[in-house]
Amino acid sequence: MTSRSGRIALITVGVIALILGGVWAGQGLNLIPGSFMTGNRMWLSIGLILAIVGIILIVLGLRRPGHDRTSR
């Protein structure tokens, strides 16, 4: 991603995904009570996957433009 607005969008979506994934994983682990997701291991899995996707998006957004290995 070379455009500044595209990189900012990737980082923003990645941060939101990371936060939501962390909350859902916390509820799945029964660390955050008060929801139908509390104590449900399915939400732990969904949360972890979403958090990993968020981290990947953040890393892609933070990469400096022009350092793409496939363009060589």
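Between G54 and A17, the shortest heavy-atom distance links the atoms CA-CB, 3.8 Å. Contact between G22 and A51 at its shortest, heavy atoms only, is N-CB, 4.5 Å. When all heavy atoms of G61 and R7 are compared, the pair lying nearest together is O-NE, 3.1 Å.
Residues passing the side chain to side chain contact (heavy atoms under 4.5 Å, CB included) test with V15 are I11, I19, I58, sequence neighbours excluded.
The residue from V13, L50, V23, I55 that alone fulfils the side-chain contact (heavy atoms from CB on, under 4.5 Å) condition with L18 is I55.
A distance-only check finds a donor-acceptor pair linking the side chain of T38 to the backbone of I32 [under 3.5 Å].
In this structure, the separation between CE on M37 and CG on L29 is 13.0 Å, given to the nearest 0.5 Å. Rounding to the nearest 0.5 Å gives a distance of 13.0 Å between CH2 of W24 and OG of S45. The line from CE of M42 to CD1 of I46 is 4.5 Å long, rounded to the nearest 0.5 Å. In this structure, CG on L57 lies 11.0 Å from CG on L62, to the nearest 0.5 angstrom.
I16 and I52 sit in two unconnected hydrophobic clusters of ILVMFWY residues. Membership requires side-chain heavy atoms under 4.5 Å apart, directly or through other members.
Contact of the L44 side chain with the Q27 side chain is not registered, since no non-hydrogen atoms from C-beta on lie closer than 4.5 Å.
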